[in-house]
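One structure below.
Lettering follows sequence order; numbering is per chain, from 1.
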Amino acid sequence: MRNRIDHLVTASLERLRREGLFPPDWPFVFSVERPREKSHGDFATNAALVLAKAARLSPRLLADRIVAALPEQQDVERWEVAGPGFINFFLSASCLQTVIPAIQQAGSRFGESSSGAGRRVQVEFVSANPTGPMHLGHGRGAVAGDVIARLLQAIGCTVEREYYINDAGAQTLVLGRSVLFRYHALYGQEREMPEGCYPGEYVEEIAQALRQRDGERWLSSSLTEDPPMAVVEFAMQQCLHWIRADLALLNITFDTWFSERTLHQQGGILRAVAQLEAQGLIYEGLPDPPKGKQLESWQARPQRLFRSSQFGDEVDRPLQKSDGSFTYFAADMAYHLDKAQRGFDALVNVWGADHGGYVKRVQAALAALTGKKDLLTICLVQMVTLLRGGQPVRMSKRSGTFVTLREVVEEAGSDAVRFWFLLRSAGANLDFDLDLAMAKTNENPVFYVQYAHARVHSLERRLRERGLAESSEPPLLARLTEAAELDLLRLLSRFPEMIEQAALEKEPHKVPYYLLELSAAFHTYYNGCKILEEDAQLRGARLALVRAVGQVVANGLTLLGVHAPEQM
RNA sequence: GCGUCCGUAGCUCAAUCGGAUAGAGCAACGGCCUUCUAAGCCGUAGGCUACAGGUUCGAUUCCUGUCGGGCGCGCCA
């Protein structure tokens, strides 16, 4: 739709160029957009404002010239020059009505496009440590990542979903030790919990499972030394099992589970470091002291540093600890190199905001290793606060008020949780109001949208009940002339544009906002116009419109991974 | 202190690559069910877009600074 306007304006400009108004090689860069204000038409272009200088005319005078040179056609009913020199286009009703057959034809695929066709994109998200249950913040990132992946698929990209398992670090040893401690306790060997161990109940669950499988086998293992790898492995697998189950509850699956450990075992880190070394980007040096609270224990020790500051980072980053083992960053760097070498056209990472400090160094590493600057996009998703009874629930592992993602999903349901997580832009902190998300009232946006879909199907049921005849002829869409009907048609035609934009900008929250707007327009229509009219011709046209709305609401909800119920 | 995200109606938030008179929901107030689901609709009220500059035809949007909040800041992941 937008392209048609674009072509019209370009045709006019080319005509003016032939008349000598523009220099032969002057680039026609202008935008065609949907005006915010309804009275400004369906589309508006700023061409006259942007090109006024080139034409040596005032914007309004140029706009008049452009309008006069527009070619004849059917889609635009009228146009006007307005404001400082905008040209507003008002589509004809017949043009607006063409969206209905388009929706009928495309069905569940309406909204898809091919602008991303041929591009292989990887989306890495969640990547929660396998050392405990998932919390709400993980859930938000999971839903955001999943919908970004779905959006990219909708514009034609081939998408691979990946989960990076941090199974190589010290945290996994802490988990193992914690389990071992509980395991000993199960045999009555009470003692003080070792420093830094995880207190959660899930640790005991793992300990019990361990006893069930292995009996007394690990009783002789010391708590002061590193736990046996078999115990660590067992505990991690249990956590991963839970994580998969939690994600499945939210209808999220992955194509690839990538183990950090394999990078250590198969030399990936060494290769990445060697490459930087060869590029002369590694040196022995003293890292800058930490910038925050002064640590009295701070001692400068020479380390192998990566010159990340040459690639936009603030300071150079250490790759190797003083004991010779690699830092987490070194592994992450190798991981991203691995991704790049797998031949994706674009990489997307969805991270929690608490990892924001790592963006620059990972980008720096990737830029250094691949020479590509824009291969990786990192989306930061801000924190989630759980509200119960309007009051924030303080999350604290110690006080025992920790609420897991699973508990919330089981209480509120996947649909409500998914929709709610998407109701804020990623940059905004999110309050998850448990009471509101579960409410079956108009205050709950999930139900508002689902109800719109259910209403469409309620009409279908009524239609059958009453035995109203349906013509085998195509509906006479010219009968759709009410303002509410034209509003709906305009909204429907925006759906593919909305998806495209949400996908390109990786802003999944645009989808629920659109659906709320469409639902509101539908509810207004429903209250103002009778669909199942006596007049069979009018009824047929309205049914066609309503079915198109139902299809688009369903498509939108599917894109969000939310069910579109036929009955509430 | 540094980095980063944010600051928009009483509250929670939108706002197209920089566009025209900044929009919703909730809360408040007033209406609409003998008519396809009132889990709905209509109306009223509510704003110096934190503040001060700058860039330009035009700034909530971009740049600089100030104030306020979230997150992060050596060999944790």
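The cationic group of A:R455 does not satisfy the cation-pi geometry with A:F522, failing either the under 6.0 Å distance to the six-membered ring centre or the 45° limit from the ring axis.
One can place CD of A:Q171 at 9 Å from P of B:rC76, the figure rounded to the nearest angstrom. If you take CZ of A:R56 and P of B:rC57, they are 17 Å apart, rounded to a whole angstrom. For A:N129 and B:rC76, the CG to P distance is 14 Å, given to the nearest whole Å. Between A:Y198 atom OH and B:rA77 atom C1' there is a gap of 8 Å when expressed in whole angstrom units. Following rounding to the nearest Å, A:H453 (NE2) and B:rA39 (P) show an atom-to-atom distance of 19 Å.
Within 4.0 Å (heavy atoms only), A:H40 reaches at least one base atom of the nucleic acid. Note on A:R34: a base of the nucleic acid sits closer than 4.0 angstrom, heavy atoms only. Heavy atoms of A:A452 sit nowhere under 4.0 angstrom from any nucleic acid atom. Among the atoms of the strands shown, none is found under 4.0 Å from any heavy atom of A:T327. Within the nucleic acid shown, A:A44 comes within 4.0 Å of at least one base atom, counting heavy atoms only. Contact annotation for A:Q450: no contact, since no heavy-atom pair falls under 4.0 Å across all strands. Base contact: A:N88 has a heavy atom under 4.0 Å from a base atom. When heavy atoms are screened at a 4.0 angstrom cut-off, A:G356 is found touching no nucleic acid atom at all. Note on A:C379: nothing from the nucleic acid sits closer than 4.0 angstrom, heavy atoms only. When heavy atoms are screened at a 4.0 angstrom cut-off, A:D354 is found touching the sugar-phosphate backbone but no base atom. Counting non-hydrogen atoms under 4.0 angstrom, A:R466 reaches the backbone sugars and phosphates but no base.
Residue-nucleotide stacking is not present for A:H355 and B:rG72, judged by a side-chain ring centre under 5.5 Å from the six-membered base ring centre and planes under 30° apart. Per the stacking criterion (ring centres < 5.5 Å, plane angle < 30°), A:F86 stacks onto the base of B:rA20.
Going from the C1' atom of B:rC71 to that of B:rA59 covers 28 Å, rounded to whole Å. B:rU34 and B:rC6: their P atoms are spaced 50 Å apart (whole Å). Taking atom C1' on both nucleotides, B:rG19 is separated from B:rU49 by 16 Å, rounded to a whole Å. A gap of 36 Å separates the C1' atoms of B:rU61 and B:rA77, to the nearest Å. B:rA24 and B:rA9 are spaced 11 Å apart, taking the C1' atom of each and rounding to whole Å. Comparing the P positions of B:rC67 and B:rC11 gives an interatomic distance of 23 Å, to the nearest angstrom. Separation of the P atoms belonging to B:rA22 and B:rU60 is 10 Å when rounded to the nearest angstrom. If you take atom P in B:rC48 and the same atom in B:rC33, they sit 38 Å apart, rounded to whole Å.
By the 4.0 Å N-to-carboxylate-O rule, A:R547 lies close enough to A:E460 to be salt-bridged with it. Looking at A:R307 and A:D313, no side-chain N of the basic residue comes within less than 4.0 Å of a carboxylate O on the acidic one, giving no salt bridge. A salt bridge links A:R462 with A:E465; the closest basic N to acidic carboxylate O contact falls under 4.0 Å. Ionic pairing of A:D42 and A:R490 is present here: one or more N-O contacts between side-chain nitrogen and carboxylate oxygen are shorter than 4.0 angstrom.
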For RNA chain B, produce a single dot-bracket line, 5' to 3'. Pairs: Watson-Crick or G-U wobble, both distances under 3.5 Å. Symbols: ( ) within strand, [ ] crossing, | other strand, . unpaired.
-> (((((((..((((.....[...)))).(((((.......))))).....(((((..]....))))))))))))....
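Checked against B:rA14, B:rG70, B:rA39, the side chain of A:Q382 finds its nearest nucleotide in B:rG70. Closest to the side chain of A:Y358, from the set B:rG19, B:rU4, B:rC76, is B:rC76. Picking from B:rG19, B:rU12, B:rC42 the nucleotide with the shortest atom distance to the side chain of A:R424 gives B:rU12. For A:M383, the listed nucleotide lying nearest its side chain is B:rG70; candidates were B:rU21, B:rG3, B:rG70. The listed nucleotides are B:rC41, B:rU16, B:rC57; the one nearest the side chain of A:H523 is B:rC41.
A close approach under 4.0 Å does occur between a side-chain nitrogen or oxygen of A:S425 and OP1 or OP2 of B:rA14.
Donor-acceptor pairing under 3.5 Å, judged by distance alone, is absent between the side chain of A:Y526 and the base of B:rA38. Remark: the A:R36 side chain and the B:rU60 base include a donor-acceptor N/O pair separated by less than 3.5 Å.
In the displayed structure, A:H563 atom NE2 is contacted under 6.0 Å by at most 12 heavy atoms of other residues, nucleotides or ligands. Around the CD atom of A:E284, the shell of radius 6.0 Å holds more than 12 heavy atoms that belong to other residues, nucleotides or ligands.
Listed by chain and residue number, A:R342 satisfy the side chain to side chain donor-acceptor pair (under 3.5 Å) test with A:D338 (two or more places apart in sequence, or in another chain).
For the residue pair A:T172 / A:D167, no side-chain donor-acceptor distance below 3.5 Å is found, with atom types taken as modelled. A:N166 and A:Q171 are not linked by any side-chain donor-acceptor pair at a separation below 3.5 angstrom, with hydrogens and angles left out of the test. A:S309 and A:E314 form no side-chain donor-acceptor contact under 3.5 Å, judged by distance and modelled atom types alone.
Residues A:I87 and A:F329 each lie close to RNA chain B; by heavy-atom proximity, the contact nearer the 5' end of the strand is made by A:I87. In terms of position along RNA chain B, the nucleotide closest to A:L380 lies nearer the 5' end than the nucleotide closest to the other residue of the pair A:R461 and A:L380.
Within residues 507-517 of chain A, the residues having any heavy atom under 4.0 Å from RNA chain B are, by residue number, A:H509, A:K510, A:Y513.
Taking the six-membered ring for Trp and the full ring otherwise, A:F22 and A:F28 have centroids separated by under 6.0 Å.
Taking 4.5 Å as the limit, some side-chain heavy atom of A:R34 sits within range of a side-chain heavy atom of A:R2.
Base orientation of B:rC33: syn, since the glycosidic angle falls within 90° of 0.
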